[in-house]
2 protein chains.
Amino acid sequence: MSARERRQVASDAGLSKKRVVVEAVRLADREGVGELSMRQLARALGAGAMSLYYYVASKEDLLDAMIDFVFEEIELPPEETDWQSAMRRRAVSARQVLARHPWAIGLMESRTSPGPANLRHREAVTACLRRAGFTVMMATHANWLLDSYVYGFALQESSLPFDTADEFADIAEGVFLPQLPPDEFPYLNESAAVLAAAGYDPAEEFTFGLDLVLAALEPLRAPHVSLHP
Amino acid sequence: MSARERRQVASDAGLSKKRVVVEAVRLADREGVGELSMRQLARALGAGAMSLYYYVASKEDLLDAMIDFVFEEIELPPEETDWQSAMRRRAVSARQVLARHPWAIGLMESRTSPGPANLRHREAVTACLRRAGFTVMMATHANWLLDSYVYGFALQESSLPFDTADEFADIAEGVFLPQLPPDEFPYLNESAAVLAAAGYDPAEEFTFGLDLVLAALEPLRAPHVSLHP
DNA sequence: CCGTACTTCGTACGCTGTACCAATAGTAGT
DNA sequence: ACTACTATTGGTACAGCGTACGAAGTACGG
């Protein structure tokens, strides 16, 4: 066992790629990814800035590893249930994870090659859809549609200034309505007023669209040939 | 007419916020938003770096303006057609625009307050949906769902290494398949093989999911009370 | 012609990522 | 115990970043 391998296992002292990535994610969550610099990260780890480069090829490499670390947190679709429940679980998990690490969404745009956790996730999702009776083509469609919805929702949610229904009501009345001239934006005013009064929760919004999409995908499944072996 | 106002109108010489933003967008399109610096931008405009700060409060302010400039390029939903056609047109337009300016997607995460073009767009979309018979709540749901799909699709598309079906076939066979061990990723291998053989075009993928979502939203419209005045 | 406001930008400061290389620490072989 | 070696750490330096500050240049109303 080399010194390097020991360090990879040790958790309380010594650096390792894992420890570097974990601390980087923590920093990005707390301060935003824009505030994440190699020097700050090194300081948080009690190390010199250049020490990080023993575990990470470059900052780009670190960002890639951070993204894949985030993907590892997303639940894989469970295998024992029907496809809709499985897809719902993993979509809900993905939204939660991306809400915890909003910087990850913005980072996805600039990086091209998916990491290992990303690939494992895609494989598991595709497997679930194929076993549920979708053809290769339809499984691809479903995959794109579901991922687009999840990522896009997380992206929109990350730029909202509120998290809960209560916060929304406050902000809608205190910020939105005064900023929107009623003659120029009559419909947005109507929406803000109605939603503030009725209560509006982003989490419910997510499941609404998700269920609608899942229901719309159901008829695209091919007949279950697996039942006639 | 002040000197400032003249400059805002002039297009061939002299700076203006518009000229600064337009050149910044051009630079970001060409080199990526990571390569966009105030000094480079100033050089492209034949000006000194600090001159830009007369038209722009900070780089953050510039990025906000760039995003809103991108939103201005997206077609508003036309008023003379049915709601599905209107929504389809503006969604297709949004995808095209975001594909032209992929950096805009990654930027949306970090900024909170929508610009004027963004607000005008939201107002027009909400108006279209309300006139089509959706309640405030259902129009909100439809808005979230459609925007999530468009943004999420653009986000995924921006991280694809290919743009057309032909490029995909090349890359699938040359990059994906060799990188994916068939025993670990059987379903992804199957997908890559089938899609490479059958042909796969991201633009068709987009309209497939879009039409599915639009069809799923149709039954959520309330009965047309406007027909019984 | 002058005062005043508008527009430009040179300099400087503290930050960034990281190339390069020296220093140290821990292990294996003798 | 001594050497040879590799694994690990980080100090210094450099080019480039955003931008605060303040000084120029320019145009116009009086």
Side-chain angles (χ1 to χ4, degrees), chain A residues 1-25 27-28 30-67 103 106-107 110-111, chain B residues 1-25 27-28 30-67 103 106-107 110-111:
Chain A
M1 193 185 211
S2 74
R4 167 97 187 243
E5 285 163 332
R6 256 189 304 103
R7 288 296 168 78
Q8 298 278 10
V9 169
S11 62
D12 54 336
L15 293 176
S16 70
K17 178 147 189 177
K18 183 105 183 178
R19 239 167 76 77
V20 170
V21 172
V22 166
E23 189 62 37
V25 167
L27 263 180
R30 184 148 28 99
E31 320 270 0
V33 76
E35 302 302 304
L36 174 67
S37 76
M38 300 302 274
R39 281 175 239 255
Q40 295 248 4
L41 176 54
R43 201 172 309 134
L45 288 163
M50 292 312 292
S51 303
L52 306 179
Y53 285 90
Y54 186 74
Y55 301 98
V56 153
S58 63
K59 191 178 186 182
E60 291 280 290
D61 183 38
L62 172 64
L63 294 175
D64 282 338
M66 290 168 67
I67 295 228
W103 45 267
L107 241 43
S110 50
R111 33 243 58 241
Chain B
M1 189 184 212
S2 74
R4 167 96 187 241
E5 284 164 331
R6 256 189 304 102
R7 287 297 167 79
Q8 298 279 12
V9 170
S11 61
D12 55 336
L15 293 178
S16 69
K17 177 147 188 176
K18 183 110 184 170
R19 241 167 73 77
V20 169
V21 172
V22 166
E23 189 62 36
V25 167
L27 263 179
R30 185 147 29 96
E31 320 269 2
V33 76
E35 304 302 304
L36 175 67
S37 76
M38 300 301 276
R39 283 176 236 252
Q40 296 250 1
L41 176 55
R43 200 170 309 135
L45 288 163
M50 291 312 292
S51 304
L52 307 179
Y53 285 90
Y54 185 75
Y55 302 97
V56 152
S58 63
K59 192 178 184 181
E60 291 280 291
D61 183 39
L62 172 64
L63 294 174
D64 283 340
M66 289 168 67
I67 295 229
W103 46 267
L107 242 44
S110 49
R111 33 251 46 248

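The analysis underlying the following values was restricted to heavy atoms, covering all of them including side chains, and did not include hydrogens, waters or symmetry mates.
- Among all heavy-atom pairs drawn from B:Leu62 and B:Ala24, the shortest one is CD1-CB, 4.0 Å.
- Summarising the geometry of A:Gly14 relative to A:Arg19, their closest heavy-atom pair is O-NE, 2.8 Å, with the distance given to 0.1 Å.
- Residues meeting the side-chain contact (heavy atoms from CB on, under 4.5 Å) test with A:Arg111, sequence neighbours left out: A:Glu60, A:Leu63, A:Asp64, A:Ile67, A:Leu107.
- Residues A:Arg39 and A:Ala49 share a closest heavy-atom pair of CG-CB, 3.9 Å.
- Heavy-atom minimum distance, A:Met38 versus A:Leu52: O-CD1, 3.3 Å.
- Atom NZ of A:Lys17 and atom P of D:dA7 are 17 Å apart (whole Å).
- Legend: residues meeting side-chain contact (heavy atoms from CB on, under 4.5 Å) with B:Ser110, ordered by chain and number and at least two apart, are absent.
- Among the heavy atoms of the strands, none lies under 4.0 Å from B:Ala42.
- One atom, CG of B:Leu52, and another, C1' of D:dC17, lie 14 Å apart when rounded to the nearest Å.
- When the side-chain contact (heavy atoms from CB on, under 4.5 Å) test is applied to B:Glu31, the partners found at least two apart in sequence or on another chain are B:Leu27, B:Glu35.
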Below 3.5 Å between N/O atoms, which protein atoms pair up with nucleotides 22-24 of chain D? Just atom names and distances, please.
none

Report all interatomic pairs (protein N or O, nucleotide N or O of nucleotides 13-17 of chain C) with separations under 3.5 Å.
unit_1: C:dT16; atom_1: OP1; unit_2: A:Ser37; atom_2: OG; d: 2.7
unit_1: C:dG17; atom_1: OP1; unit_2: A:Met38; atom_2: N; d: 3.4
unit_1: C:dG17; atom_1: OP1; unit_2: A:Lys59; atom_2: NZ; d: 2.6
unit_1: C:dG17; atom_1: OP2; unit_2: A:Met38; atom_2: N; d: 2.8
unit_1: C:dG17; atom_1: N7; unit_2: A:Arg39; atom_2: NH2; d: 2.5
unit_1: C:dG17; atom_1: O6; unit_2: A:Arg39; atom_2: NH2; d: 2.6

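- Axis angle between the ends of the helix from C:dC1-D:dG30 to C:dT30-D:dA1, five pairs each and rounded to 10 degrees, works out to 10°.
- Rounded to whole Å, atom C1' of D:dG18 lies 13 Å from atom CG of B:Leu41.
- If you run side chain to side chain contact (heavy atoms under 4.5 Å, CB included) between B:Leu41 and each of B:Val56, B:Leu36, B:Val21, only B:Leu36 comes through.
- Heavy-atom minimum distance, A:Ser37 versus A:Lys59: CA-NZ, 4.3 Å.
- Taking 4.0 angstrom as the limit, B:Ser51 places a side-chain polar atom (N or O) nearer than this to OP1 or OP2 of C:dC9.
- Between A:Tyr55 and D:dT9 there is a side-chain N or O to OP1 or OP2 distance below 4.0 Å.
- By the 4.5 Å heavy-atom criterion applied to side chains, B:Leu15 and B:Tyr54 are not counted as neighbours.
- At D:dT9, none of the side-chain N or O atoms of A:Tyr54 fall inside 4.0 Å of OP1 or OP2 (strictly under the cut-off).
- By the side-chain contact (heavy atoms from CB on, under 4.5 Å) test, B:Met50 is found to be paired with B:Tyr53, residues two or more places apart in sequence or in another chain being considered.
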